[in-house]
Structures are given as C-alpha cells and as structure tokens.
Q: 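Mind having a look at this structure? Questions to follow.
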Amino acid sequence: MQVLTTSTKALLMLGVLVTLTTSAIACAPMPDAGTPSFSEETKDSDPVSVGEANNGEEATVDEILTPAVQDRILQTVAIEVDRPLEELRIAAAETATFDGCMGIYEPDQICTMIAIFGLRVVVTDGDQSWVYHTPQNGEGAVQNPTASGSRNGLIPDFIPEPVSETEPDLEDHIFRSVESGGRGGYSKTTVLLEDGRLLQKENGTVTAEAHLSSEELEAFQQVLETQRFPNLHRLRYVTDAAFSDHPTVRLSVRHLETEYIDLALDDAPEALQVIVQAWEDTKKIPR
C-alpha cells in the first residue's frame with residue numbers, strides 16, 4: 001500500500017478543523033431556478049437533532065436562531081459583502097462545534113483544540129449566497145470563503161443527517177464520488193483507494209479498475225488540499241431538478257462530504273468546480 005504524503009495525512013485529519021458535531025438543520029425552500037474529531041468518541045457520537053426533538057420534523061431557521069442572533073449575523077454579512085441589509089436573509093442554519101479556527105481550514109494553519117459551540121448559516125440575497133460560521137450568540141461571524149459564492153439563485157443547504165446507520169466502509173479510500181438518483185434509481189460509484197487503485201462500480205458491482213501512479217495520486221491530493229475540500233463539508237449545491245429524476249453527485253474524503261447537481265455546477269463555488277474538474281481529469285487518465 002502506498003505511503004500517504006504529508007499533505008494527505010493533514011487532509012485526513014481535518015475533521016478537527018471543520019464542524020465536529022451537528023445538532024440541527026434548517027433549510028429554506030429550494031429556489032425555483034434552477035472533520036475526524038478531537039477523538040474517535042466525539043466523531044462517532046450521535047448528534048441530538050432539534051428536528052428529531054420535534055417529532056422528527058426538520059427545524060426551521062427561526063427555531064434555531066433567535067431574531068437577535070439573526071440580526072447580528074445579517075448586519076455583519078451586509079457590511080462584508082456590501083449588500084443592503086434588507087436584501088439579505090438566512091436561508092439555512094445548523095448548530096455545530098468548532099475548533100479555535102471556527103472550523104475553517106487553511107493549509108498549514110494551526111488551530112487551538114477547543115470546543116466552540118456555534119452555528120453555520122447560509123445567507124443569500126436571492127442571487128448570490130455566502131456561508132458563515134459564528135458563535136451561538138451571532139457575534140464575530142466569519143465567512144467560509146470556500147463554500148461561499150454560489151450564484152444565479154443556487155442557494156446551498158445542508159446535507160440531512162442519515163435516518164439510519166450506514167454500512168461500515170471497508171475500503172480505505174482517499175476520495176469517492178457517488179452519482180445516484182435519476183430514472184431507474186441507479187448508483188454509480190468511483191473510488192480512489194490509498195494504494196492508487198481507481199475502481200468504478202455500478203449498483204455495487206465493480207465494472208472497471210485502473211491504477212494511478214504516485215505522481216498522479218499526489219497531484220490530485222494536492223488539489224483537495226489547496227481547494228480546501230473540508231470547508232465544503234455537509235453543504236449541498238442542488239436545485240429542484242434533483243427532485244425531478246436528475247441525479248446528484250456526492251463527493252467524500254472519509255466522513256467529509258459535499259453534494260452537487262451537474263446542471264448547476266457552473267453556478268457553484270469555484271473551489272467545488274476545480275475539485276470536480278480535477279476528479280474528472282483523474283478518472284480519464286489513460287491506463
């Protein structure tokens with residue numbers, strides 16, 4: 001098995017720098033237009049969902065954020081993105097626990113190992129959207145630039161917590177993409193393993209296999225780090241087409257994951273576009 005590079009090891013430890021636990025999600029309606037933790041015990045703990053506490057119904061923004069907290073966040077965002085306050089709204093929110101860097105990863109940055117109970121929110125003016133991390137009182141909100149910048153009405157929300165336990169991952173993977181949905185409910189998975197093997201599966205059956213060189217493997221890993229993949233964790237960039245039989249794609253590095261729909265990729269944050277393109281190029285390398 002190939003020895004992981006220093007940058008790869010750093011990437012796989014970034015759960016410390018991202019959201020550690022999530023305890024509530026709130027999302028606005030979809031637009032018409034189209035983290036391992038401090039310890040394994042923390043990572044594996046079951047989040048307590050506000051939605052679950054309310055008979056399984058998804059919590060709303062107003063249930064998670066008080067009016068005063070919303071006002072503080074929106075005032076900060078209005079100044080930073082230079083938009084009139086009255087044009088902004090909080091489209092989605094979830095509670096989270098951050099490290100000393102507020103869960104925002106920067107390569108080679110050292111963060112204090114403390115637990116800051118806070119919030120992640122999506123703020124939009126209806127056209128562009130921004131993701132912010134903030135303490136629970138809404139003061140000192142910090143923009144997550146990697147996850148921000150979607151446009152043309154592509155308003156991200158948060159990937160819902162699974163309703164049941166998934167099967168354990170028996171493969172040590174560096175990266176995985178799962179395309180699912182669409183007519184017929186098919187599932188196509190492409191996974192890059194730590195030893196450089198690239199496997200393609202359809203509905204769980206391996207249909208193709210290739211092998212990356214060490215140079216190819218490290219080049220792709222470098223893209224994941226420079227584009228700050230962990231900052232996209234739990235965010236999804238999808239439109240109503242996802243509910244109309246058009247497939248979505250979920251990308252993951254261990255338990256860190258993000259989701260998008262290809263119809264709206266051009267309107268997604270630049271970092272996500274770069275990662276998707278690098279992944280597509282990696283999968284097309286001649287063998």
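Because the structure is predicted, anything quoted here is derived from the model rather than measured. Side-chain atoms are counted along with the backbone in the values below, which use heavy atoms only and exclude waters and symmetry mates.
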Q: Counting N and O atoms only, with roles assigned by atom type, does the side chain of R228 sit under 3.5 Å from a partner on the main chain of T226, one being a donor and the other an acceptor?
A: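 Such a contact is found between R228 side chain and T226 backbone.
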
Q: Between V131 and N231, is there a side-chain heavy-atom distance shorter than 4.5 Å?
A: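 N231 vs V131: side chains apart.
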
Q: When you check the gap from the basic side-chain N to the acidic O, do D157 and R236 get nearer than 4.0 Å?
A: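 Looking at R236 together with D157, the answer is yes, because their closest N to O distance falls below 4.0 Å.
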
Q: If you round to the nearest 0.5 Å, how far is OG of S187 from NZ of K201?
A: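 The OG atom of S187 is 10.0 Å from NZ of K201, to the nearest 0.5 Å.
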
Q: I'd like to know if the side chain of T207 reaches the main chain of Q200, judged simply by a donor and an acceptor atom lying under 3.5 Å from each other, with no hydrogens or angles considered.
A: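 Yes, because the side chain of T207 sits within donor-acceptor range (under 3.5 Å) of the backbone of Q200.
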
Q: Do S177 and W279 have side-chain N/O donor and acceptor atoms under 3.5 Å apart?
A: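 Distance-only check passes for S177 and W279.
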
Q: Would you kindly confirm whether V178 and V249 end up in one hydrophobic cluster when ILVMFWY residues are joined by side chain heavy atoms under 4.5 Å apart?
A: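 Cluster IDs for V178 and V249 differ.
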
Q: Would you say E216's side chain and S213's backbone share a donor-acceptor pair under 3.5 angstrom?
A: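 The answer is yes, because a donor-acceptor pair under 3.5 Å joins these two groups.
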
Q: If only atom types and distance count, is the side chain of D125 paired as donor or acceptor with the main-chain N or O of E87 below 3.5 Å?
A: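 Here the side-chain-to-backbone pair does not exist.
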
Q: Ignoring hydrogens, what is the shortest heavy-atom contact between A268 and L272? Give both atom names and the distance.
A: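 That would be CB-CD2, 3.9 Å.
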
Q: Does one hydrophobic cluster hold both L65 and L85, with members joined at side-chain heavy-atom distances below 4.5 Å?
A: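 Cluster IDs for L65 and L85 match.
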
Q: When you measure from the side chain of H133 to the backbone of C101, do you find a donor-acceptor pair of N or O atoms at a distance under 3.5 Å?
A: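 A pair under 3.5 Å: no.
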
Q: Would you say F220 and L192 make side-chain contact, with heavy atoms under 4.5 Å?
A: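 In contact.
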
Q: So, taking the atom named CD in Q143 and the one named OG in S148, what distance separates them when rounded to the nearest 0.5 Å?
A: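 Q143 atom CD to S148 atom OG measures 4.0 Å (nearest 0.5 Å).
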
Q: Any chance you could measure D240, atom CG, to L263, atom CG, to the nearest 0.5 Å?
A: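 Spacing of CG (D240) from CG (L263) equals 11.5 Å.
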
Q: List the steps, then state whether side chain to side chain contact (heavy atoms under 4.5 Å, CB included) holds for T258 with R250.
A: CA-CA 6 Å; T258 188; R250 184 168 295 191; over 6 Å; no

Q: So, T66 side chain and V69 main chain: donor-acceptor pair closer than 3.5 Å or not?
A: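 It does hold such a pair.
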
Q: Quick check against the 3.5 Å criterion: does T112 have a side-chain atom that pairs as donor or acceptor with the backbone of I114?
A: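 No; zero donor-acceptor contacts below 3.5 Å.
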
Q: E179: what forms a side chain to side chain donor-acceptor pair (under 3.5 Å) with it, not counting sequence neighbours?
A: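 Checked E179 against side chain to side chain donor-acceptor pair (under 3.5 Å); matches are Y186.
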
Q: Can you name the closest pair of heavy atoms from A91 and I155 and give their distance?
A: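 Shortest heavy-atom separation between A91 and I155 comes out as CB-CG2, 3.7 Å.
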
Q: Rounded to the nearest 0.5 Å, what separation is found between the CD atom of Q227 and the CD atom of Q273?
A: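 Between Q227 CD and Q273 CD, I get 10.5 Å after rounding to 0.5 Å.
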
Q: How close do G100 and I116 get, heavy atom to heavy atom, and via which atoms?
A: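 Scanning both residues, the minimum pair turns out to be CA-CD1, 4.3 Å.
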
Q: Is there a donor-acceptor pair under 3.5 Å between the side chain of D267 and the backbone N or O of S150?
A: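 Between the backbone of S150 and the side chain of D267 there is no qualifying donor-acceptor contact (under 3.5 Å).
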
Q: With a 4.5 Å cut-off on side-chain heavy-atom distances among I, L, V, M, F, W and Y, is there a chain of contacts connecting V276 to L212?
A: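 Yes, V276 connects to L212 through the hydrophobic network.
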
Q: How many angstroms lie between atom CZ of R83 and atom OG1 of T124, to the nearest 0.5 angstrom?
A: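 Rounded to the nearest 0.5 Å, the CZ-OG1 separation comes out at 9.5 Å.
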
Q: Just wondering, do I104 and V142 contact through their side chains at under 4.5 Å, heavy atoms?
A: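 In contact.
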
Q: Under 3.5 Å, which donor-acceptor pairs do the side chains of residues 74-82 form with other protein atoms, sequence neighbours left out?
A:
| unit_1 | atom_1 | unit_2 | atom_2 | d |
| --- | --- | --- | --- | --- |
| T76 | OG1 | R72 | O | 3.2 |
| E80 | OE1 | Y132 | OH | 2.7 |

Q: Grab the two heavy atoms, one from E209 and one from L199, that are nearest each other, plus how far apart they are.
A: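 Taking every non-hydrogen atom into account, CG-CD2, 3.3 Å.
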
Q: The criterion is ring pair (Phe, Tyr, Trp, His ring centres under 6.0 Å); which residues satisfy it with Y237, sequence neighbours excluded?
A: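 In terms of ring pair (Phe, Tyr, Trp, His ring centres under 6.0 Å), with neighbours along the sequence ignored, Y237 is linked to no residue.
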
Q: Nearest heavy-atom pair of P269 and T146: which atoms, and what distance?
A: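 What the structure gives for the nearest pair is CB-O, 3.4 Å.
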
Q: Can you find a heavy atom in the side chain of F229 that is under 4.5 Å from one in the side chain of L251?
A: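 Contact flag for F229/L251 side chains = yes.
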
Q: With the side chain counted from C-beta on, respond yes when Y105 and E225 share a heavy-atom pair under 4.5 Å apart, and no when they do not.
A: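 Side chain of Y105 against side chain of E225, heavy atoms only: contact under 4.5 Å found.
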
Q: Cut-off 3.5 Å, side chains only: do R89 and Q70 have a donor facing an acceptor?
A: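 R89 vs Q70: no donor-acceptor pair found between side chains.
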
Q: Mind checking whether S129 and P156 have side chains closer than 4.5 Å, heavy atoms only?
A: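 Yes, their side chains come closer than 4.5 Å.
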
Q: For the residue pair H246 / D262, report whether a side-chain donor-acceptor contact shorter than 3.5 Å exists.
A: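 Yes, a side-chain donor-acceptor pair sits under 3.5 Å.
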
Q: Is a salt bridge present between E257 and R234, judged by a nitrogen-to-oxygen distance below 4.0 Å?
A: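 Salt bridge absent between E257 and R234.
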
Q: Indicate yes or no: at least one non-hydrogen side-chain atom of I275 is less than 4.5 angstrom from one of L224.
A: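 Of all side-chain heavy-atom pairs linking L224 with I275, at least one is under 4.5 Å.
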
Q: Can you measure from OG1 (T190) to CD (E202) and round to the nearest 0.5 angstrom?
A: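 That separation rounds to 9.0 Å.
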
Q: Would you sort out whether L217 and Q221 count as a side chain to side chain contact (heavy atoms under 4.5 Å, CB included), showing the intermediate values?
A: CA-CA 6 Å; L217 185 61; Q221 293 168 330; 3.9 Å; yes

Q: Do I64 and E94 come close enough that some side-chain heavy atom pair is under 4.5 Å?
A: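 The answer is no, as the side chains (C-beta and beyond) never meet within the 4.5 Å cut-off.
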
Q: Looking at every non-hydrogen atom in both residues, tell me the closest pair between I159 and L235 and how far apart they are.
A: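 In this case the closest contact between I159 and L235 is CD1-O, 4.0 Å.
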
